[in-house]
J.: 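Input: one structure, supplied below.
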Amino acid sequence: MSIITTATAKLADIAVETDRTDAVQSFVKQETVLVDLTTADGSAGTGYAYTIGTGGSSVLALLRDHLLPALIGQDARNVEALWQRLFALTRATTTGAITSLALAAVDTALWDVRCKRAGEPLWRLAGGHRQEVPVYDTEGGWLHLTADDLVKGALRAQKAGWAGIKIKVGKPHPAEDAERLRAVREAVGPSLHIMTDANQSQTMSSALRLAAALEPYDPYWLEEPLPADDISGHARLARATRIPVAVGESLYALPQFRGYLETGAASVVQVDAARVGGITPWLKVAHTAESHNVMVCPHFLMELHISLVAAVPNGGYVEHIPQLRAVTRGELTIRDGMAVAPDVPGIGIDWDMDAIDDRRVA
């Protein structure tokens, strides 16, 4: 039977693999919340969510105190019903980051169980559009890196056959950002896609100046130029620049994405499965974006997102930021600039539970 008999959660701290800085913060560590489920017939699944430094213990408490007890005795096959049940149970704290992260850890575990019971990989069971998707590199584009460092990183990615890279922007003057972008563009030529990311650091006036300064160097998109809840501001900026505007990593519910899409405030959707509440709402966001002819290029979590981007017809790029190598067995397969979605049953992440236990937070 597929009745859930045990549901547990734990928290592990995973150190960042390299220094990561943007215009507003540094990536201190990945607080990783994991949920393990088992069913009466012996099926098991593991899901996860994350923060980049704070709040992990709060997500863990919400899971242990409220969400996990409500799963016992429920049918793991009813993923949609269980998501709605848990959402209703936490209605007083939705929509919000803590609740969405907790829901995501459960929902991802349920999808892991679902895929394993079906004997299918996530990319196929979630849609099965294709198995390979392009990747772009972010590790060579952090804000603290020099222009020479950026050029070296971009050339390295280009030589490897990757079609895109990301450069963080948000220096004190837009001319500094433009000069860094110019150096990279001149080094790689016109064909490499160069994404830019301001991490919500701009005001409307500074965003307009920044976009104007970057335009001559053909950015593939300008990501999160304004605070994430400023839909009208992003819509105004989108009308004022030729650079596509990308948003989504800091949105936590489907209606927020709908607002962006209906107002033309986003040309690229970067929905994050952990922050939006799991695979179930991630797919809804992706299909909503498809109805607006907008591509989905999710934020972070490449180990999970490769399968989701492969599942949907409007899937674009996967962001390459390695972060789970210390707690997983094996590496993401990349061939000629294309990431290959895992073909094993489940969500495709082979956890090293001993390594996770070594990093477990009491």
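Numbers for residues simply follow the sequence, beginning at 1. Values below: all heavy atoms of this structure, side chains included; hydrogens, waters and symmetry mates excluded.
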J.: Would you call V79 and W111 a side-chain contact if the rule is heavy atoms closer than 4.5 Å?
T.: yes

J.: Does the distance from a Lys or Arg side-chain N to an Asp or Glu carboxylate O, for R117 and D41, drop under 4.0 Å?
T.: yes

J.: Name the residue from D343, L308, I306 that meets the side chain to side chain contact (heavy atoms under 4.5 Å, CB included) definition with W123.
T.: D343

J.: So P174 and E176, do their side chains get closer than 4.5 Å, heavy atoms only?
T.: no

J.: Can you find a pair of side-chain heavy atoms, one from V169 and one from D197, that are under 4.5 Å apart?
T.: no

J.: So, do Y136 and Y220 have ring centers that fall under 6.0 Å from each other?
T.: no

J.: Looking at E215 and R242, would you say the former's side chain and the latter's main chain have a donor-acceptor pair under 3.5 Å?
T.: yes

J.: Less than 3.5 Å apart, any donor N or O on the side chain of E224 or S250 sitting next to an acceptor on the other?
T.: yes

J.: Ion pair present between R182 and E186, side-chain N to carboxylate O less than 4.0 angstrom?
T.: yes

J.: Please find out if less than 6.0 Å separates the ring center of H320 from that of W162.
T.: yes

J.: Would you call E31 and R359 a salt bridge, using N to O less than 4.0 angstrom?
T.: no

J.: Is the ring centre of F300 less than 6.0 Å from the ring centre of F27?
T.: yes

J.: Compute the centroid of each ring, for Y260 and then for H234, and state whether the two points are separated by less than 6.0 Å.
T.: yes

J.: Quick one: are I52 and V28 in side-chain contact, heavy atoms under 4.5 Å?
T.: no

J.: Before you tell me yes or no, could you show the steps for S201 and N199 under side chain to side chain donor-acceptor pair (under 3.5 Å), namely the whole-Å CA-CA distance, both residues' side-chain angles and the distance that decides it to 0.1 Å?
T.: CA-CA 5 Å; S201 63; N199 292 99; over 6 Å; no

J.: Consider side chain to side chain contact (heavy atoms under 4.5 Å, CB included). Of L101, L11, L103, which one does V59 pass it with?
T.: L101

J.: Can you find a pair of side-chain heavy atoms, one from T6 and one from I4, that are under 4.5 Å apart?
T.: no

J.: Quick one: does any side-chain atom of H305 pair with a main-chain N or O of A273 as donor and acceptor, under 3.5 Å?
T.: yes

J.: Show your reasoning for whether salt bridge (charged side-chain N to carboxylate O under 4.0 Å, His left out) applies to R20 and E139.
T.: CA-CA 8 Å; R20 296 170 180 157; E139 289 287 72; 3.0 Å; yes

J.: Within the 4.5 Å heavy-atom criterion, are P345 and E120 side-chain neighbours or not?
T.: no

J.: To the nearest 0.5 Å, how far apart are CD in E80 and CD in Q84?
T.: 5.0 Å

J.: With D229, which residues qualify under salt bridge (Lys or Arg N to Asp or Glu O under 4.0 Å), at least two apart?
T.: none

J.: Do the side chains of D36 and K10 get close enough for a salt bridge, i.e. N-O under 4.0 angstrom?
T.: yes

J.: For the side chain of W282 and the backbone of A274, is there at least one donor-acceptor N/O pair under 3.5 Å apart?
T.: no

J.: Taking W221's backbone N and O only, do any of them form a donor-acceptor pair with T196's side chain (distance below 3.5 Å, no angle check)?
T.: yes

J.: How many angstroms lie between atom CD1 of I279 and atom NZ of K284, to the nearest 0.5 angstrom?
T.: 13.0 Å

J.: Inspect the contact between R335 and E132 and indicate whether a charged nitrogen and a carboxylate oxygen are less than 4.0 angstrom apart.
T.: yes

J.: So which pairs with a foot in residues 82-111 pass salt bridge (Lys or Arg N to Asp or Glu O under 4.0 Å), sequence neighbours left out?
T.: none

J.: Should Q270 and E223 be marked as a side chain to side chain donor-acceptor pair (under 3.5 Å) after you check the CA-CA gap, both sets of side-chain angles, and the distance that decides it?
T.: CA-CA 9 Å; Q270 298 178 299; E223 180 176 336; 3.0 Å; yes

J.: About how many Å separate CH2 of W351 and OG1 of T328, when rounded to the nearest 0.5 Å?
T.: 7.5 Å

J.: Hey, mind stepping through D112 and Y48 against side chain to side chain donor-acceptor pair (under 3.5 Å) and telling me if it holds?
T.: CA-CA 11 Å; D112 199 31; Y48 73 115; over 6 Å; no

J.: Check whether any side-chain N or O of T241 sits under 3.5 Å from a backbone N or O of A238 as a donor-acceptor pair, and report yes or no.
T.: no

J.: Rounded at 0.5 Å granularity, tell me how far CZ in R114 sits from CD1 in I347.
T.: 13.5 Å

J.: With rounding to the nearest 0.5 Å, note down the distance linking CG in L324 to OG1 in T32.
T.: 6.5 Å

J.: Might you work through the side chain to side chain donor-acceptor pair (under 3.5 Å) test for S100 and R275, ending with a clear yes or no?
T.: CA-CA 6 Å; S100 291; R275 293 178 174 181; over 6 Å; no

J.: Hey, what do you get for CE (M204) to CZ (R209), rounding to the nearest 0.5 Å?
T.: 12.0 Å

J.: Give a yes or no answer on whether the side chain of R185 reaches the backbone of L192 with a donor-acceptor pair at less than 3.5 Å.
T.: yes

J.: I want to check something: taking the side chain as every heavy atom from C-beta on, are D352 and I356 in contact at a cut-off of under 4.5 Å?
T.: no

J.: Less than 4.5 Å apart, side chain to side chain, heavy atoms only: is that true for I98 and S58?
T.: yes

J.: Show your working on salt bridge (charged side-chain N to carboxylate O under 4.0 Å, His left out) between K171 and E179 and close with a plain yes or no.
T.: CA-CA 11 Å; K171 290 289 187 179; E179 176 59 25; over 6 Å; no

J.: Is it the case that the side chains of T99 and T93 hold a donor-acceptor pair, with the cut-off being a distance below 3.5 Å and no angle test?
T.: yes

